[in-house]
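Basis for what follows: all heavy atoms, side chains included, without hydrogens, waters or symmetry-related copies.
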Amino acid sequence: MVTSNKKFRSNFMQPVAKMMAVVITVASVLTISPSQGYAISATADISADDITPPAFVGAESYDGNDVYLNFDENFSINAPLDSDEDQVIAFLKNNLSIATDGEHFVSVSGQGDIYQNSSRQIYLSYDNDMKVILGANTAIKIASGTLKDAAGNLNEEMNLQVSPPVIQSTAISGDNHDVTITFNEDVVENTEAFDNYIYLVRGSNSTWKHLVVGDTVKIEDGKLKIHFTEALSGTMNQISISGGALKDSHGNVQNDSRLTAIIEANVGGIDPAPADTTPPTYLYSYLSNSLQDLNIVFDEDIFSAAADEVSFLQNVQWYNSNNWYYNLPSDVMVTFAGPVATIHFAAPLTGYQYYFAFYSNHFKDKAGNVIVNNVNTDWFYPQNTGFGLDDRYFSQDGRWMSLEFDSNTDLVDRTLIDGVSHLHEQITLSTDGDVTYTALDVQDVVTVQGDKINIFFQNPKQQGSLKVKVAANVVSDLYDTVRNSAVDEVVAYNTPDISGYVLSNGASEFVFADNPVWRSHVKEVVVYDSSIGTDRELTSSEYSLSEGKLTILTGVFLEDHYYKISVDAEGFSSKYLEGRAYKSSEIFYITAPVVSVDHGITAKINLFNNANDSNTIGNQTVIFELFNGTTPVSIVAANLKVNTGTYSANFNVSDAATNPNYTVKVFVVSKYSSDAMNLGLNLATVKTQLEIDQAMSNVGNENHNND
């Protein structure tokens with residue numbers, strides 16, 4: 001008889017990640033039995049065929065760029081036969097399109113680097129500081145027939161949601177022990193030891209605190225929930241989530257750290273005498289000029305957590321040019337002074353490349369809190385022989401261009417001959433896409449300032465971008481130990497200038513010469529807090545864009561924190577603005593008006609820009625108002641980009657010399673229009689001339705401290 005295969009089939013056909021076709025071949029065999037005559041038996045040859053094309057399993061990205069699309073199996077790009085590498089890349093680009101709103105797709109052809117990065121991965125990155133992923137709704141479409149697996153299966157058209165999770169809101173419990181973080185969609189854990197990826201950032205000094213014993217982290221209903229054993233306190237708390245910690249339902253991973261909005265603890269749930277449970281935070285490290293001392297800097301006084309100096313030298317992984325070691329040499333000396341730990345080597349470090357990783361339990365603070373994570377330095381290259389271009393940008397009007405180098409020091413012009421610079425002759429430009437290059441105009445001016453080469457054009461460059469070449473070895477560091485590598489770069493600048501002030505006590509308004517196309521393509525606004533060192537995307541309820549104005553609402557910025565703001569528009573270079581957050585009334589200091597009565601009434605004030613930041617000088621209005629007793633007589637108002645200096649107004653009144661009741665009041669406000677009842681914010685505080693002089697004399701010290 002023929003044996004039934006139903007039971008076998010029911011066991012075999014279980015859900016699998018990859019769809020397979022089951023092929024059964026039955027072969028009949030005649031068998032003769034003395035007692036039963038003959039019977040027919042059968043054997044089955046079963047094989048499985050792959051019938052499913054590669055499937056998307058999620059994207060990884062870094063700050064909206066360096067996007068990696070991951071798939072569930074090996075594949076190749078289905079370009080025409082005999083295509084070379086460039087033709088395969090061109091085929092892939094032509095078959096990819098992107099929509100930052102998830103609906104309106106545009107081709108990626110002509111953009112930066114897009115290619116198959118590994119057997120299961122596609123890589124995308126744009127040039128000119130343009131982001132591939134903008135906001136929470138970016139999708140990438142892959143045309144049908146683009147990808148082919150080993151079995152020959154071709155993909156159907158794929159619409160891939162690639163935006164990583166974006167924080168939308170935070171909520172704190174009434175007793176201040178629990179924080180719930182909501183994203184634009186449900187999230188899940190993407191790593192083991194998940195609690196090691198969560199930090200509390202608190203206080204005006206933005207102190208970082210790792211989770212301690214008793215603190216817990218979990219994902220519940222797609223939200224991140226954190227329980228703190230010690231109740232949160234104060235009005236300035238934020239949660240930092242390290243990159244790679246979370247992914248969404250599509251498998252998309254945010255590989256950059258992200259920061260929540262400010263969390264204010266509820267009154268009544270505050271611990272009146274909180275203990276110091278926060279371990280020290282590693283800040284940075286550097287090598288001494290002698291290359292004999294490694295200095296490791298923390299945010300508070302630091303001490304050895306090891307039993308003795310010999311124990312401290314153990315479990316330190318370090319790289320010395322060509323070799324890895326796992327303990328520091330026995331002749332190394334270790335000293336602690338304030339927040340700095342110094343590792344003194346018996347001889348200078350003369351190799352090319354160094355790196356140090358101090359494993360757990362090396363450092364502690366005065367309260368005994370031990371750093372349980374590794375302390376990893378950056379890579380050091382003490383014998384580095386060349387530095388390259390780190391950034392480049394135009395002014396919005398095309399009148400000047402700045403080339404910033406990664407020299408980590410001020411630059412020195414090495415083209416001087418008898419005191420005359422020949423740097424001008426070492427720079428050429430192309431405005432036709434790398435076809436022809438021309439020298440700078442004889443009236444163009446080239447200067448070296450800080451870590452930048454600046455070019456000031458006699459005739460502004462009006463095209464969207466150009467290519468610049470700078471010869472090698474024309475600038476160096478201060479001691480001429482390293483010089484620049486040759487520069488051959490595209491520079492784009494097609495974004496409007498934005499100006500305004502970062503305010504901690506009101507809405508921050510930033511104005512620009514309106515560009516409707518750019519404005520309509522803005523997809524996200526990202527705020528970076530330099531005091532904390534972490535980005536966060538603003539939600540749509542935290543900012544608004546209108547004609548010529550970007551408004552960021554109250555509550556985003558903390559007083560005295562320094563912020564960098566990125567406005568990201570599809571198809572445009574990202575636009576950055578930055579500044580320290582001030583109370584509105586502390587942006588300017590003004591003296592009381594001095595009034596004279598010659599030829600009418602003239603009032604003068606001295607004004608000091610206390611914000612002292614040319615990056616964020618915005619338009620504001622200086623108002624002089626003349627009163628006859630308590631009766632308003634006249635107003636003189638000017639919308640200006642106001643900086644430190646003397647400002648005055650004249651009122652043409654015939655009885656100025658004989659009427660003693662005239663007085664003048666002066667205001668600096670954020671806006672002025674026909675609506676006299678709405679003058680925006682007061683931006684100034686009245687000071688004596690001595691107080692203003694003292695503030696002005698301290699400007700250099702403040703800048704030095706900020707550096």
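- Residues V334 and V332 meet the side-chain proximity criterion, which asks for heavy atoms closer than 4.5 Å.
- A salt bridge is absent between R580 and E586; no separation between the charged side-chain nitrogens and carboxylate oxygens falls under 4.0 Å.
- In this structure K583 satisfies the salt bridge (charged side-chain N to carboxylate O under 4.0 Å, His left out) test with no other residue, sequence neighbours excluded.
- Residues F183 and K223 are not in side-chain contact: their nearest non-hydrogen atoms beyond the backbone lie 4.5 Å or more apart.
- Residues N237 and E264 have side chains that never bring a donor and an acceptor to within less than 3.5 angstrom of each other.
- Heavy atoms only, all atoms of each residue included: Y543 and K523 are closest at OH-O, 4.1 Å.
- Under the salt bridge (charged side-chain N to carboxylate O under 4.0 Å, His left out) criterion, D127 pairs with no residue, sequence neighbours left out.
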Practice task
Take D301 and K366 through the side-chain contact (heavy atoms from CB on, under 4.5 Å) test and state the conclusion after the steps.
Solution key: CA-CA 7 Å; D301 288 354; K366 186 177 181 180; 5.6 Å; no
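- Donor-acceptor pairing under 3.5 Å is recorded for the side chains of N70 and Q121.
- Looking at every heavy atom in both residues, L423 comes nearest to T415 through N-OG1, 2.9 Å.
- D129 and Y576 form a side-chain donor-acceptor contact under 3.5 Å, judged by distance and modelled atom types alone.
- W208 places none of its side-chain heavy atoms less than 4.5 Å from the side chain of D299.
- Considering only heavy atoms from C-beta on, T216 stays 4.5 Å or farther from I226 through its side chain.
- Using the six-membered ring where Trp is involved, W400 and Y393 have ring planes that are perpendicular, over 60° apart on the 30 and 60° scheme.
- With hydrogens and angles ignored, the 3.5 Å screen pairs no side-chain donor or acceptor of D293 with any backbone N or O of N295.
- With a 4.5 Å cut-off on side-chain heavy atoms, K364 and P280 do not count as touching.
- The nearest pair of heavy atoms linking L224 to I241 is CD2-CD1, 3.6 Å.
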Handout entry: Derivation of the side-chain contact (heavy atoms from CB on, under 4.5 Å) call for L411 and F387
Key = CA-CA 11 Å; L411 300 178; F387 53 80; 3.6 Å; yes
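- Contact check for I122 versus N117: no side-chain heavy atoms found under the 4.5 Å cut-off.
- For V297, the side-chain contact (heavy atoms from CB on, under 4.5 Å) partners are L283, Y284, Y286, V340, not counting sequence neighbours.
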Exercise for the section: Verify side chain to side chain donor-acceptor pair (under 3.5 Å) between S531 and Y562, making sure each step is shown before the conclusion. Expected result: CA-CA 6 Å; S531 302; Y562 197 88; over 6 Å; no
Exercise for the section: For the pair H227 and K218, evaluate side-chain contact (heavy atoms from CB on, under 4.5 Å) and give the outcome as yes or no after the intermediate values. Expected result: CA-CA 9 Å; H227 173 78; K218 63 180 179 180; over 6 Å; no
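- Residues E578 and Y563 bring no donor and acceptor atom of their side chains to less than 3.5 Å of each other.
- Nearest heavy atom pair, residue V372 against residue S360, reads O-CB, 2.9 Å.
- Between K131 atom NZ and S125 atom OG the span is 12.0 Å, to the nearest 0.5 Å.
- When only modelled atom types and interatomic distance are considered, Y582 and S504 share no side-chain donor-acceptor pair under 3.5 Å.
- Considering every non-hydrogen atom in both P164 and S61, the closest pair reads CG-OG, 3.9 Å.
- Residues satisfying the side-chain contact (heavy atoms from CB on, under 4.5 Å) criterion with D535, sequence neighbours excluded, are R258, V526, Y528.
- Separation of the Y68 and Y123 ring centroids falls under the 6.0 Å cut-off.
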Practice task
Take E542 and T539, measure what side chain to side chain donor-acceptor pair (under 3.5 Å) needs, and give me the verdict at the end.
Solution key: CA-CA 5 Å; E542 292 178 302; T539 63; 3.3 Å; yes
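- With S402 as the partner, the side chain to side chain donor-acceptor pair (under 3.5 Å) test is satisfied by one option alone out of T447, N454, D391: N454.
- Residues passing the side-chain contact (heavy atoms from CB on, under 4.5 Å) test with L259 are V201, Q238, S240, I532, T534, R536, sequence neighbours excluded.
- Note: S233 OG to N176 CG = 8.0 Å, rounded to the nearest 0.5 Å.
- Checking side-chain atoms of N505 against main-chain N and O of E559 turns up no donor-acceptor pair under 3.5 Å.
- No hydrogens or angles considered: nothing links the side chains of R202 and T207 as a donor-acceptor pair under 3.5 Å.
- To the nearest 0.5 Å, atoms CG (N252) and CG (L69) are separated by 9.0 Å.
- Take D529 and apply the salt bridge (charged side-chain N to carboxylate O under 4.0 Å, His left out) test, not counting sequence neighbours, and it matches no residue.
- Within the structure, every pair that satisfies the side chain to side chain donor-acceptor pair (under 3.5 Å) test and touches residues 316-340, not counting sequence neighbours, is listed here: Q317-Y359, N320-Y354.
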Problem - F557 vs I565, side-chain contact (heavy atoms from CB on, under 4.5 Å): CA-CA, chis, key distance, verdict - result: CA-CA 11 Å; F557 302 118; I565 304 164; 3.8 Å; yes
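- Qualifying ring-ring contact (aromatic ring centres under 6.0 Å, His included) partners for H210, counting only residues two or more places apart in sequence or in other chains: Y199.
- In plain terms, the two heavy atoms of G214 and T229 that are nearest each other are C-OG1, 2.9 Å.
- Rounded to the nearest 0.5 Å, atoms OG (S508) and CD1 (I552) are 6.5 Å apart.
- Ring to ring, Y355 and F380 are not that close: their centroids are 6.0 angstrom or more apart.
- A distance-only check finds no donor-acceptor pair linking the side chain of E404 to the backbone of L389 [under 3.5 Å].
- A search for side-chain contact (heavy atoms from CB on, under 4.5 Å) contacts involving A472 returns A486, not counting sequence neighbours.
- D413 contributes atom CG, which lies 13.5 Å from atom CD of Q449 (distance to the nearest 0.5 angstrom).
- F336 has its side chain within reach of S304: a pair of non-hydrogen atoms, C-beta onward, lies under 4.5 Å apart.
- Atom-to-atom distance recorded for S257:OG and D63:CG is 11.0 Å, nearest 0.5 angstrom.
- In this view, H344 satisfies the ring-ring contact (aromatic ring centres under 6.0 Å, His included) rule with no residue, not counting sequence neighbours.
- Partners of K469 by salt bridge (charged side-chain N to carboxylate O under 4.0 Å, His left out), not counting sequence neighbours: none found.
- The shortest side-chain heavy-atom distance between T342 and L294 does not fall under the 4.5 Å cut-off.
- Residues forming a ring-ring contact (aromatic ring centres under 6.0 Å, His included) with F363 (at least two apart in sequence, or on another chain): F298, F312, F358.
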